[in-house]
Amino acid sequence: MIRLTNTLGGKKETFEPVDEGKVRMYVCGPTVYGPAHIGHARTYIAFDIIRRYFEYRGFKVRFVMNLTDVHDDMIRRANEQGITIFELGEKNIKLFFEDMKALHIKPSDANPRVTQEIPEIIKAVQSLMEKGFAYETDDGVYFEVEKFPDYGKLSGIGHRKGRTGTRVDTDKYEKKQAQDFAVWKKEKPGEPSWDSPWGKGRPGWHIECSVMSSRHLGIPVDIHGGAVDLVFPHHENEIAQSEAAFGTKPFVKYWLHTGFLNVEGQKMSKSLGNFITIPELLKDFDALAFRFFIASTHYSSRINFSKTEMEKYKVTLGKLNEFIKRLQEIFGGEGDLKSVERAIESSKKHFVKEMDDDFNFPNAWSAIFSFESEMNKLITEGKVGREEAEKALAFLKEINSVFEVFSFETQAGLGLEIGKRIAERETLRKEKKFAEADRIRDELKAKGITLLDTPDGVKWRTENR
Ligand code: AMP
Ligand code: ZN
């Protein structure tokens, strides 16, 4: 039974999906006006782990992330670069997918783009107009917040009376209240636009997620996520316009929000020049070490990126990988299967208990660390043979299907291959075919793998270790 903290209501709730055994998950994607940064990486890795955990628990997940390719920032940046927003979007979306892949984030099942959803967005705006939730002004179509009594239920920031400012030009028809927000923006010179019942224009920001989420996942979705900065106004507005336009409540069952990532104690911002893009990060740190850093912090906690912190996580992950390698190097011997199975069972239970409890990443890691020390103890006691080592490795693979941080596959592949050669060499030595046995050792040596004959059996080292 998974429990999670729903931002709507602020309480821990038991997860009950709309469709048994399935999870419909929507995460607000990036505005693709520039390269993605490590703040995006934080949020998307955290949701990747949550998604993987649902899969680990047997749910079938459908995961959708939108790409905001029409936006004020897009228009500004495209103009600066002398290209269209379409060219700018194309370029950055390609980079975004590369970055997500480099970070081992599972691909989404769909990545709808605003530019490809305009007719649907217009339909939603029309529906708001027909139902009396929106009105037209000189510069756009606005959602009238006052008409939606539930406004504020997510963020606690409810109805606020207040005019837009002093009305200078009395002939101009402006928005009624400052809190009203644009669902359609009428064309300004030099801006991309589409035909609509209100003349040429483009969608407001919030409406896109209402439309894409309902179109690609239905209503309600189980989980709608983003970082905490989106709670207000973005998600508050999404609720208002979706529940108003589609007439179905709720629009989302569980709202999940990740904490913000700061860099060396400061908010990332253009003025401070402390933006770290994902390729910049990956020049200094391994993607898996960064994932480990994110995976070690509660998804909802604020997180501070610093190079010194990262170094620590790198070292700790290195030790865990050493532990994996230690298991992979056990090629023979009798062990105590019962003890190892007991260690696995209790660690698994601990891991699941913590992850079921609002995806408590850091506590889940304590289950893994105690497994490591328990196993190391059993190894020292001579209770781990090949069979036991394989069981332990299979368990760590299971964990890794959720966190995806261990350098497992390459080592396992290598370990298996070397293990086979070592076993062959041992047989030859038993048969006193020493020349042939030495040939295997030399062959491995040529590949940079050194065999060490130790009292605990044969071990191997690669040269770069
Ligand atoms: P944006 O590209 O700014 O529209 O943001 C896309 C997603 O990344 C949203 O879910 C944001 O909340 C999230 N996000 C942006 N900046 C950060 C950050 N510094 N830390 C964590 N999440 C972020
Ligand atoms: Zn959104």
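When a ligand or atom number is given, it counts from 1 through the structure's own listing order. All values derive from a computational prediction rather than experimental measurement.
- Arg52 and Tyr56 are not linked by any side-chain donor-acceptor pair at a separation below 3.5 angstrom, with hydrogens and angles left out of the test.
- Distances below 4.0 Å separate heavy atoms of Pro30 from the following atoms of ligand 1: 2 (O), 6 (C).
- Side-chain contact between Glu398 and Lys348: present, with at least one pair of heavy atoms (C-beta onward) separated by less than 4.5 Å.
- Of all protein heavy atoms, the one closest to atom 4 (O) of ligand 1 is Thr31 OG1, 3.1 Å.
- By the 4.0 Å heavy-atom criterion, Lys267 is excluded from the residues contacting ligand 1.
- Side-chain atoms of Gln241 and Val183, non-hydrogen and from C-beta on, do get closer than 4.5 Å to each other.
- None of Glu120, Glu208, Glu90 except one satisfies the salt bridge (charged side-chain N to carboxylate O under 4.0 Å, His left out) rule with Arg113; the exception is Glu90.
- A donor and an acceptor atom, one from each side chain of His71 and Thr31, are nowhere located under 3.5 Å apart.
- Using a 4.5 Å heavy-atom threshold, the side chains of Trp194 and Val70 count as touching.
- Exactly one of Phe293, Phe371, Phe292, Tyr313 qualifies for a ring pair (Phe, Tyr, Trp, His ring centres under 6.0 Å) with Trp365. That residue is Phe292.
- Taking any N or O of Leu261, backbone or side chain, at least one lies under 3.5 Å from an N or O belonging to ligand 1.
- Residue contacts with ligand 1, taken as heavy atom pairs separated by less than 4.0 Å, involve Asp229 solely via side-chain atoms from C-beta onward.
- Geometric assessment of Lys106 against the ring of Phe63 yields a negative cation-pi assignment under the 6.0 Å and 45° thresholds.
- The protein heavy atom nearest to atom 22 (N) of ligand 1 is Thr43 OG1, 2.7 Å.
- Counting protein heavy atoms only, atom 6 (C) of ligand 1 is closest to Tyr44 OH, 3.2 Å.
- Distances below 4.0 Å separate heavy atoms of Leu230 from the following atoms of ligand 1: 9 (C), 10 (O), 12 (O).
- Under the 3.5 Å distance criterion, with hydrogens and angles disregarded, a donor-acceptor pair is assigned to the side chains of Thr14 and Arg3.
- Looking at ligand 1, you won't find any N or O of Thr258 less than 3.5 Å from one of its N or O atoms.
- Counting only protein N, O or S atoms, the number found under 2.8 Å from the Zn ion (ligand 2) is 3.
- Relative to atom 10 (O) of ligand 1, the option among Ala227, Ala46, Gly29, Gly225 with the closest non-hydrogen atom is Ala227.
- Residue Met268 places no N or O, backbone or side chain, under 3.5 Å from any N or O of ligand 1.
- Below 30°, between 30° and 60°, or above 60°: for Phe305 and Phe285 the angle between ring planes is above 60°, a perpendicular geometry.
- Judged purely by distance below 3.5 Å, without hydrogens or angles, the side chains of Glu236 and Tyr151 never pair a donor atom with an acceptor atom.
- Of the N or O atoms in His40, one or more lie within a sub-3.5 Å distance of an N or O in ligand 1.
- Residue Gly226 approaches ligand 1 through these ligand atoms, each under 4.0 Å from one of its heavy atoms: 10 (O).
- With a 6.0 Å cutoff to the six-membered ring centre and a 45° limit on the axis angle, Arg77 does not count as a cation-pi contact of Tyr33.
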